[in-house]
Amino acid sequence: MTKAVVEKIAQFEGQEVLLQGWLAAKRSSGKIHFLQVRDGTGTIQCVMVKANSDEEEFAAADRCPQESSIEVKGTVRKDARSPIGFEIEATSFKIVAEAEPYPISPKDHGTAFLMEHRHLWLRSRRQHAILRIRATIVRAIRDYFDNNGFLLVDAPILTPAACEGTTTLFELDYFGEKAYLTQSGQLYNEATAAAFGKTYCFGPTFRAEKSKTRRHLMEFWMVEPEMAYADLEENMRVAEDFLVYVVGRVLEERQVELATLERDLAPLEAVKGPFPRVHYKDAVAKLQELGSDIVDGEDFGADDETVLTKLYDRPIIVHHYPTAAKAFYMKPDPDEPKYCFSMDVLAPEGYGEVIGGGQREECKEVLEAAIEAHKLPKEAFEWYLDLRRYGSVPHSGFGLGVERTVAWICGLPHIRETIPFPRMLEKITP
RNA sequence: UCCGGCAUAGCUCAGUCGGUAGAGCAAGCGGCUGUUAACCGCUGGGUCGGGGGUUCGAGUCCCUCUGCCGGAGCCA
């Protein structure tokens, strides 16, 4: 018998099919059962009428617990009353494995409880919508770079030293030596960009920061493109073009899921170029005007970022952050070295930083001085300095945090639902 | 690391002034041939987070510990 999938149920109209899945919910009027069957691709109502059913199977369906795995055979019928337009007129019902009492009932649960049952929570409609959108975002990211001359060259996850030396790293034992989980593929990308021109890496990233907010994970996915012969201006242009493309793909392919999440589409439809470019100095002046106590030379506080983004209807690019507040490899602006060729893309609606990047310092002597000023061990960066010794060029790149992007596009209040199994401060299970 | 908040049935919560523990949902049983968070009736379900204290009496007041949630700093 033909196996049907809910996602493509229209193709099976009028056919007798086998549906393999799980019992998501049921209602009954005694002589007629309405079984909501989830097969992973969607949920469809299977209607089982007593008069047309095997007596034992009809009784089995009646007492079948939620989330039992089941196989239903029946005919696919068009029905206007169905939210998906189709239902299955069941002729046979079989329990594959009866479930124990299921902890996640159809309503009323707090996030703490749901997070403890994350492995089961993933079965819910809302989580399906979010993770499908995440999958589309990831595919759009890859398509963008693959189609625009970038080569995927992944950076290592186990690294010998701090890439930037400032933030906390997860340390581990590497056959008697200390090693760390990567917090950025950036430095390696500079090597691959010098080898291949335009490259990107895409993988998990780890930060052992004691951050306990709705915007932080200990383990998150980041895509980092790097371009040889590109300055800050080019970098901002690519970041903008890239983000417009990703949001556009989600709007094109995930209308159903966005509707499930009740996402207001207007702010997403407004994601069109050009994004406003705001010099750090102007941003500070504007914030001070609005009552912030920010001082020129400091990085933005969380409030500042929110206040600033709410002034615009689309993402904005803040550039020329203070050199002192940024990583050692950022190239200072020769006209005003207090500020550097760095840039962040801040998402609207209070979501804030989704992209951070900039133009890298290409001069060996300046870079050596920066490494020294940041009190970093020079030996560890000899290979990195080689990139300046052998054919150094102006180059730029950026990193986009996948989970923050998913949270923003989905309109979620918290980053924890954007990844199947979030790793959060002091919370690593399930 | 710092600052707030919360902890009562499987889940979400109520519990007045300190006076013998409640609801809805879920579960179990019964009813119902078109339900959409179905509905109607019945039943079972509690170490009120742990420990200590005040009191004739503590879910309620005090101390302490634990767990969780939110935020700050830091960052994507």
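All chains are named by letter (A, B, ...) in the order of the sequence lines, taking the proteins before the strands, and each is independently numbered beginning at 1.
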Closest to side chain of A:Ala112, choosing from B:U35, B:C75, B:C69: B:C69
Contact list for residues 16-39 of chain A, test salt bridge (charged side-chain N to carboxylate O under 4.0 Å, His left out), sequence neighbours left out: A:Arg38-A:Glu67
Cationic N near anionic O, under 4.0 Å, A:Arg77 to A:Glu87: no
Nearest listed nucleotide, side chain of A:His414, among B:U12, B:G34, B:G70: B:G70
Worked verdict on A:Phe300 versus A:Tyr280 for ring pair (Phe, Tyr, Trp, His ring centres under 6.0 Å): CA-CA 10 Å; A:Phe300 298 138; A:Tyr280 168 83; 5.7 Å; yes
Whole angstrom value for the distance that separates C1' of B:C6 from CZ of A:Phe113: 18 Å
Whole-Å gap separating C1' (B:U1) and CG (A:Leu425): 11 Å
Atom-pair distance (CZ on A:Phe300; P on B:G73), nearest Å: 13 Å
Listed nucleotide nearest any side-chain atom of A:Asp299, set B:C75, B:A72, B:U33: B:C75
Span that lies between the P atom of B:U1 and that of B:A76, in whole angstrom: 23 Å
Rounded distance in Å between the C1' positions of B:C62 and B:C69: 24 Å
Which residue lies more 5' along RNA chain B, comparing A:Met424 with A:Ile415 via nearest heavy atoms: A:Met424
Protein-nucleotide distance (A:Glu403, atom CD; B:C75, atom P), rounded to Å: 19 Å
Sugar-phosphate, base or nothing in reach of A:Ile355, heavy atoms under 4.0 Å: sugar-phosphate
Distance between C1' atoms of B:G15 and B:G73 (Å, rounded): 40 Å
Below 4.0 Å: OP1/OP2 of B:G73 and any side-chain N or O of A:His216: no
Between C1' of B:U35 and CD1 of A:Ile44, the distance in whole Å: 15 Å
Separation between the P atoms of B:U43 and B:U54, rounded to whole Å: 42 Å
Sugar-phosphate only, base, or nothing, as touched by A:Phe220 at under 4.0 Å among non-hydrogen atoms: base
Gap between atoms CZ and C1', on A:Phe34 and B:A37 respectively (whole Å): 16 Å
Touch class at under 4.0 angstrom, heavy-atom based, for A:Thr205 against every strand present: nothing
Nearest-nucleotide pick for A:Ala51, side chain only, options being B:A76, B:C11, B:U33: B:U33
Touch class at under 4.0 angstrom, heavy-atom based, for A:Gln45 against every strand present: base
Check: A:Arg416 side chain, B:C69 base, donor-acceptor under 3.5 Å: no
Geometric cation-pi criterion, A:Lys326 with A:Tyr321: 6.0 Å, 45°: yes
Sugar-phosphate only, base, or nothing, as touched by A:His117 at under 4.0 Å among non-hydrogen atoms: nothing
Interatomic distance where CG belongs to A:Asp79 and P belongs to B:U35 [whole Å]: 11 Å
Whole-Å C1' distance, B:A37 and B:U55: 46 Å
Salt bridge (charged side-chain N to carboxylate O under 4.0 Å, His left out): pairs with one or both residues in residues 129-138 of chain A, sequence neighbours excluded: A:Arg134-A:Glu403
C1' gap between B:G59 and B:G18, integer Å: 10 Å
Rounded distance in Å between the P positions of B:G34 and B:U47: 43 Å
Sugar-phosphate only, base, or nothing, as touched by A:Val49 at under 4.0 Å among non-hydrogen atoms: base
Interatomic distance, A:Glu298 CD vs B:C74 C1' [rounded to whole Å]: 14 Å
Pair A:Arg215 + A:Glu353, salt bridge at N-O below 4.0 Å: no
Sugar-phosphate, base or nothing in reach of A:Glu87, heavy atoms under 4.0 Å: base
Polar pair under 3.5 Å, donor/acceptor by atom type, side chain A:His109, base B:C11: no
B/S/- contact track for nucleotides 23-29 of chain B, protein heavy atom under 4.0 Å: -BSS---
Over 12 non-hydrogen atoms of neighbours within 6.0 angstrom of CD in A:Glu13: yes
Sugar-phosphate only, base, or nothing, as touched by A:Ala25 at under 4.0 Å among non-hydrogen atoms: nothing
Residue pairs fulfilling salt bridge (charged side-chain N to carboxylate O under 4.0 Å, His left out) with at least one residue in residues 307-322 of chain A, sequence neighbours excluded: none
Candidates B:C74, B:C75, B:G34 - which lies nearest the side chain of A:Val47: B:G34
Under 3.5 Å side-chain donor-acceptor pair for A:Gln186 and A:Glu224: no
Set of residues satisfying side-chain hydrogen bond (donor to acceptor under 3.5 Å, both in side chains) with respect to A:Thr213, sequence neighbours excluded: A:His216
Watson-Crick or G-U stems of RNA chain B, 3 or more pairs, under 3.5 Å, by first number: B:1-7 with B:66-72, B:10-13 with B:22-25, B:27-31 with B:39-43, B:49-53 with B:61-65
Selection from B:A76, B:G34, B:C32 that lies nearest to any side-chain heavy atom of A:Arg81: B:G34
Whether A:Phe242 and A:Phe398 hold their rings parallel, tilted or perpendicular, with breakpoints at 30° and 60°: tilted
Member of A:His319, A:Glu240, A:His320, A:Glu233 meeting the side-chain hydrogen bond (donor to acceptor under 3.5 Å, both in side chains) criterion with A:Arg277: A:Glu240
Span that lies between the P atom of B:A27 and that of B:U66, in whole angstrom: 38 Å
Ring geometry between A:His119 and A:His117 (parallel below 30°, tilted from 30 to 60°, perpendicular above 60°): parallel
side-chain N/O A:Arg215 vs B:A72 OP1/OP2, d < 4.0 Å: no
